[in-house]
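A short worksheet on the structure shown next.
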Amino acid sequence: MKLLLCERRLYMALLFNFFVITGFADTPGKATGLQCEHLVNPIGIDAKHPRLSWLLMDERHGAAQTAYQLIVGTDSVGVINGKSDSWQTTKVVSSVNLVSYQGKPLQPFTKYYWRVLLWDQAGKKLTSSAIASFETGMMDMRNWKGSWISDNKGIAVNPAPYFRHTFKVARQIRSARAYIAVAGLYELYINGQKIGNHRLDPMYTRFDRRTLYVAYDVTAQLQSGKNAIGVLLGNGWYNHQSTAVWYFHQAPWRGRPTFCMDLRITYTDGSVETITSNTQWKTSLSPVVFNSIYTAEHYDARKEQPGWNTPSFIDTAWKQVINRSAPSQNIVAQSLQPIRNVEEIAAKSVTKIDNNLWVFDIGRNISGVSKITVKGDSGTVIRLKHAERLNKNGHVDQSNIDLHYRPTDDKDPFQTDIFILNGKGEEVFMPKFNYKGFQYVEVSSSKPVELNKESLKAYFMHSDVAPIGTINSSNKTINQIWSATNNSYLSNLFGYPTDCPQREKNGWTGDAHIASETGLYNFDAITIYEKWLADHRDEQQPNGVLPSIIPTDGWGYEWGNGPDWTSTIAIIPWNIYLFYGDSKLLADSYTSIEKYVNHIDELYPSGLTTWGLGDWVPVKSVSPVELTSSVYYYTDASILAKAAKILGKQADFVKYSALANKIKNAINIKYLNTQTGIYGKGLQTELSVPLYWDVVPQNLKSKVAANLAQRVAADNYHLDVGILGAKAILSALSDNGYSDVAYKIASQETFPSWGWWMVNGATTLYENWKIDAKSDISLNHIMFGEIGAWLYKGIAGIHTDPDHPGFKNILLQPHFVAGLNEFMATHDGPYGKIISSWQRNDHGITYRVTIPANSTATITLPAGKTYLGGKLITGSGPYQTAAGSYIFEVK
Ligand code: BGC
């Protein structure tokens, strides 16, 4: 039905072909961007019905896909020739570009090739896509051959263990794959070479419920004759030795790191040999003498064993490994964008404080590590203390970030790496199993060494999600806010979203749902959210309750986990559906959302709930927790109802629509004065939150919005909100006729505002509006990050359409806000690049838009005279348009 409607809209748009088209192209399009499970040519896929997606690259006006055909097979030549041994669809009349595999059951350890054929708007067959591939992994836990092994040491032992194993290759290798599952962290080496460029693998999960394995193509690293595998294990969150207020040192899963590995070699004669982890492996302690994901890493270069991971190394002094039980009964592929050292950053300056003390400034706040290159005597102790700010005497100041740390002695200093030199010339150190949040590094040395600006480099680490959005405006501060928002978003993405990269590294739920739209406009982050929602399912109690931080050792089931935070369970799958048009996460999360909503319903049958933290870190005014929490509860119930409809659960749709209505009415009866259009006392948060989350009765929306605009004016166009209000206020204004007011707040440069942080030198977003606050003052928090999404929504006007998700139809409603001369936003959605850009000129506004092939847009422009190609067109829209580029003049 939906599709038909879409096709009809397209036809109408073609019929009313009065738009000015720029760059009219004539070249037929092509399918590109082939992905499997939202990854490019992945290996190690466990999904039985992996999702295949593509996009039509076609610049012709009205370009659209009218049909597709998929060919999937194990023989690449066959697939090229249109023959498939796995799955071949017929020509399917449809414009969808995301289809899950429905062919013969997929076999483990098998590479599948695929391509897609498309038919365009004229019914003409386009040139085939290039060939893409995906490769299955274990698919079933029973396919593991190796044993879980470790050294025979306890959780209190500090040095990280090395493991090695040698084996002979006598035949010719066709291909080889390494599969490694780890509780803890690891680095894998074959014949001395590090495998892959991932960092901090595998991602953090609740290890006793789900353990991840990573697959690599290691064909190139193997050689004929003797080969050596080396594994170094780090603690990560599995063996948290540092002590802080969240008790991760008491996690129920805690153990000495352990791993299981299968190296599967396929020879040219077709035979297969699997080299496995077993008791023939040997182990020894490494020079990584201490490692904590939370605090830092200590490395004693005097303990290095050169060549430990090469075949010729003599390991007679090494010990036997022991078998261990598997950490969980659920070992699954890590199908997501890995963490990497994404950016190298040179030091901007170095200040020598005295003979043995330097402070490096890398010029911006990041999450990641520093790498030092230094020469000195054996036994020289170099300490690298990382912080976000300096104190008056020029030393680094950690007082804003170390306050929840509870060290038991001075051996594990906060965010301070310790590097002991071996004296053998120039030495380099970069931690392997830790990251930090910092801008400054204070380096001290126990003996004289020479350092200069080049001695230290920093690496911005995060889940390496592709950037897919850009903002550029004539307001420098707005541009800075956008970039700082992205910096904080990425600094808080490590296989799960976190609150801050220094003080906590916790998967705070509230921060994450607030930032999810910002993330999705700017980054291709679906794989991270899908993994994190699996973490939610692992953590949910049978009664539906979720903890406030996910994953967790158990902390957070008793505090901070009301619907204003843990609505992640509904909001994130819903946003993924809106941005990607992919309902899998919604379907996977459905039962969890339902359990959660039912639980609140049982506890709070009136529809009002006081469960929650409320408008966290407010400027000054405090809004009632019951109002904000009930609005989030309403949001969950309505997402559940919408999901029920999408997933064909009609009875649930009726049931939860009624529940949502009940909650909405309860909120409005208690908090809304229908005469005045004011909620509660009429504070910014009290008015914004019901507006943004669609609780306000239709007939009172404009009244409530007018009250909000007045409230903001009375607050001198400055914010008076905490994080829940900050999520809502900008769109509450711009969606209801007050975009100029929203922009005034968004572009403020005096306290309290995002711009206030920028003019004070911020390169990330902060936790507190007050820069000199005494508490809650991390300098790299994403919880005020909604502004990054609002720039797309409230100024460029790029909105998802819930009826045609994944930007299949784009709702475009730009606001040419007073005080801004130019604005441009681009977003690479599932159909391609959307551009919405405007410019003020002598006569008014020139508005340019690009709608990617196979999608449409509903364009609504501000009232005024609108011209297309010099022709006056009536009204401000909405105009239903087909793919292509258009220029409007609005006078
Ligand atoms: C975190 C926040 C989080 C909050 C919940 C803080 O310590 O850093 O970002 O949402 O606690 O209360």
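Predicted model only: the values in this text are computed from it and were never measured. Atoms within a ligand are numbered from 1 in the order they appear, just like the ligands themselves.
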For [X], atoms of ligand 1 separated by under 4.0 Å from a heavy atom:
X	value
Leu613	5 (C), 12 (O)
Glu767	8 (O)
His781	1 (C), 2 (C), 8 (O), 9 (O)
Asp499	1 (C), 8 (O), 9 (O)
Met783	9 (O)
Arg503	1 (C), 6 (C), 7 (O), 8 (O)

Open item on the list: I'd like to know whether ligand 1 has His404 as a neighbour, heavy-atom separation below 4.0 Å.
Closed with: no
Looking only at protein heavy atoms, which one is nearest to [atom], and what is the separation?
atom	result
atom 7 (O) of ligand 1	Glu504 OE2, 2.5 Å
atom 9 (O) of ligand 1	Asp511 OD2, 2.4 Å
atom 4 (C) of ligand 1	Trp616 NE1, 3.5 Å

May I ask you to check whether [Y] and [X] place their ring centres under 6.0 Å from each other?
X	Y	answer
Tyr679	Tyr671	no
Tyr294	Phe414	yes
Tyr766	Phe784	no
Trp237	Phe248	yes
Trp574	Tyr577	yes

- [ ] Would you check the N or O atoms of Trp559, main chain and side chain alike, for any that come under 3.5 Å of an N or O of ligand 1?
- [x] no
Open item on the list: So does Thr609 get a backbone contact from the side chain of Ser630, meaning a donor-acceptor N/O pair under 3.5 Å?
Closed with: yes
Open item on the list: Strictly below 4.0 Å, N to O, side chains only: are Arg210 and Asp535 in salt-bridge contact?
Closed with: yes
Task: Mutual orientation of the aromatic rings belonging to Trp611 and Tyr596 [parallel < 30°, tilted 30-60°, perpendicular > 60°] - done: tilted
